[in-house]
Amino acid sequence: MLSSNITRDADGTLRFAGQSVPALAEEYATPLYLMDEDRIRANCRMYRQALRESFGEDALPLYASKACAFKQMYRIMAEEGMGVDTVSSGEIHTALAAGFPAERIWFHGDGKTDADIRYAVGQGVGCFIVDNETELLALAQEVRRQGVRQRILLRVTPGIDPHTFEAVNTGTVDVKFGVAIQTGAALEFARLALAQEGLELEGIHCHVGSMVFDENVFEDSAEIMLGFMAEMKEKLGFEARVLNLGGGYGVRYRETDKQVDIPARIAALAAFIKERCAALGLALPAVLMEPGRSIVADAGMTVYTVSTVKHIPNCKNYVIVDGGMTDNPRWCLYRAAYTVLHAERGGETERFTLAGRCCESGDIVQPDVPLPADIKRGETVAVCTTGAYNYAMSSNYNRLGRPPVVMLRGGESYVAVRRERAEDLCALDV
Ligand code: LLP
């Protein structure tokens, strides 16, 4: 199977985190997001341990909460000793509402508004990751107005192409994020930051992309980041204490995808960084990483009930389900691959396009998937590896309510986000 938390019984029943998927569909109704809490926690521990072993006590993984954010997720992150990366007042509010400690929140984003800055500074958010000079000056002004000090990192772009899909490539000079090192702009950005009263510059951040499988992407960006740290030390007399290398490790959506050995990659990265620091005469900085997808993707599964099976002779077969692009827009946006399984039996002998219920032809969850030839209305199908960027990117298009998020933990299940009801859909309408 794709992941060790997905199994099938001899009678064909699909299990996720040891629990019967058809039984969960029956209990909670569909469409349904399932999340394997034990897997989320194991992934957090894997990162914490790998970073601590490789870089020492100051290293910390920050969960990139854009991948999947709701209160219970932030509670789990707090219990697992993670930091969190947030990108909006909404994410910060959710984290704080869950009791997540403000000082362990890092605040990202290229378009922070005055209201975001005022709110985050006022709430005592631990660290701003400042994207650009305009934001830097706005933040400095707000910090002086509130009479507080604010720790910051600067987002810089190392000019690396991570060879992933274009919409999630963030490391090259022409992207909208951060300030480029290679044009000299980042050095001026750091000079300006150091001159701001009330702002405490701790170091630098980069994130080169998502779904990274190539072996050397993090080493290549670390090389440039460390070179920039040496340049700041020489020209500005500033020695960065923190190096945040962002997120991005890829995960397996299909059996044919590679498995990234994250602890091994982190160990190799640490060896490289230590060697470069020694060569450049830099003290080893506290290393932060921001994994999102690799914390939650394989902890997720989406369960649907089949509404219609449509055979278009000599052309195509459709399985149409009770969800679609509203709960998973990733094929529509990125042509993202997924593994689809019948939840009650194996025997995948015919190819189908798994389509959603929205009124547009483009509402496809996954084309060309093998399913049993006699699949029919009322049966249950599961889409695997949907823990990242599914619930987080869901919408109410066609006034469809979002599915609930049901957590699976130690053989038990509970609702972490309840189903959106018809009255919720009208809640904001006057
Ligand atoms: N840090 C920063 C600054 C980021 O922008 C991101 C993701 C991450 C960390 C986490 O990256 P991860 O470990 O999850 O790859 N909606 C797209 C993904 C967009 C990723 C945006 N930034 C998708 O569904 O594939």
Side-chain angles (χ1 to χ4, degrees), residues 62-70 74 77 83-98 100-158 167-171 173-181 185-186 188-210 240 242-248 288-290 292 389 392-393:
L62 318 178
Y63 168 59
S65 61
K66 74 205 76 178
C68 189
F70 45 82
Y74 290 104
M77 294 303 146
V84 295
D85 146 3
T86 61
V87 289
S88 68
S89 293
E91 285 183 356
I92 295 171
H93 173 82
T94 310
L96 295 175
F100 193 90
E103 68 276 7
R104 288 221 309 267
I105 298 177
W106 276 253
F107 187 20
H108 260 292
D110 59 324
K112 300 181 188 84
T113 64
D114 288 345
D116 290 328
I117 293 172
R118 194 174 317 124
Y119 173 71
V121 171
Q123 294 297 321
V125 156
C127 187
F128 269 66
I129 301 184
V130 181
D131 182 88
N132 56 69
E133 298 192 354
T134 314
E135 179 194 329
L136 180 76
L137 297 176
L139 175 62
Q141 195 177 12
E142 183 59 26
V143 160
R144 287 194 292 272
R145 198 183 69 79
Q146 295 194 26
V148 292
R149 289 185 68 74
Q150 180 65 57
R151 294 190 286 123
I152 63 167
L153 299 180
L154 301 183
R155 179 158 184 169
V156 295
T157 42
V168 298
N169 166 11
T170 38
V173 170
D174 59 344
V175 298
K176 68 169 184 155
F177 294 105
V179 176
I181 294 173
E188 294 318 306
F189 188 25
R191 195 190 305 277
L192 188 66
L194 288 166
Q196 302 306 310
E197 200 190 315
L199 296 186
E200 195 182 315
L201 180 59
E202 290 193 316
I204 50 175
H205 166 279
C206 70
H207 169 77
V208 295
S210 201
V242 177
L243 174 61
N244 182 334
L245 292 170
L288 308 178
M289 290 185 106
E290 297 171 337
Y389 305 110
M393 293 174 77

- prompt: Okay, side chain of Gln146, backbone of Arg118: is any donor-acceptor separation there less than 3.5 Å?
  reply: yes
message: Donor-acceptor check, side chain of His108 to backbone of Ile129, threshold 3.5 angstrom: yes or no?
response: no
First locate atom [atom1] of [X], then atom [atom2] of [Y], and finally report the distance between them rounded to the nearest 0.5 Å.
| X | Y | atom1 | atom2 | answer |
| --- | --- | --- | --- | --- |
| Phe177 | His205 | CZ | NE2 | 10.0 Å |
| Ile204 | Arg155 | CD1 | CZ | 12.5 Å |
| Phe128 | Glu135 | CZ | CD | 7.0 Å |
| Leu139 | Leu199 | CG | CG | 5.0 Å |
| Ser88 | Lys112 | OG | NZ | 11.0 Å |

- request: Only counting residues at least two apart or in another chain, list the ones meeting side-chain contact (heavy atoms from CB on, under 4.5 Å) with Leu194.
  value: Leu201, Leu236, Phe238
- prompt: Which residues pass the side-chain contact (heavy atoms from CB on, under 4.5 Å) test with Ala392, sequence neighbours left out?
  reply: none
Non-neighbouring partners of [X] that pass side chain to side chain donor-acceptor pair (under 3.5 Å), sequence neighbours left out:
| X | value |
| --- | --- |
| Asn132 | none |
| Arg145 | Glu142 |
| Glu202 | Arg151 |

- prompt: Can Asp85 and Lys66 be counted as an ion pair, charged N to O under 4.0 angstrom?
  reply: yes
Mind listing the closest non-hydrogen atom pair of [X] and [Y] along with its distance?
| X | Y | value |
| --- | --- | --- |
| Val143 | Val148 | CG1-O, 2.8 Å |
| Val179 | Asp131 | CG2-O, 3.6 Å |
| Ala120 | Phe107 | CB-CD2, 3.5 Å |
| Glu197 | Arg144 | O-NH1, 3.8 Å |
| Cys68 | Tyr63 | O-OH, 2.7 Å |
| Pro158 | Ile181 | CA-CD1, 4.1 Å |

message: Is any side-chain heavy atom of Asn244 closer than 4.5 Å to one of Cys206?
response: no
task: Report the C-alpha distance between Gln196 and Leu192 in whole Å, list the side-chain angles of each, state the deciding distance to 0.1 Å, and finish with yes or no for side chain to side chain contact (heavy atoms under 4.5 Å, CB included).
output: CA-CA 7 Å; Gln196 302 306 310; Leu192 188 66; 3.8 Å; yes
Pairs of donor and acceptor atoms involving the side chains of residues 90-97, under 3.5 Å and at least two apart or interchain, shall be tabulated with distances.
| from | atom 1 | to | atom 2 | distance (Å) |
| --- | --- | --- | --- | --- |
| Glu91 | OE1 | Ser65 | OG | 3.4 |
| Glu91 | OE1 | Val87 | N | 2.8 |
| Thr94 | OG1 | Gly90 | O | 2.7 |

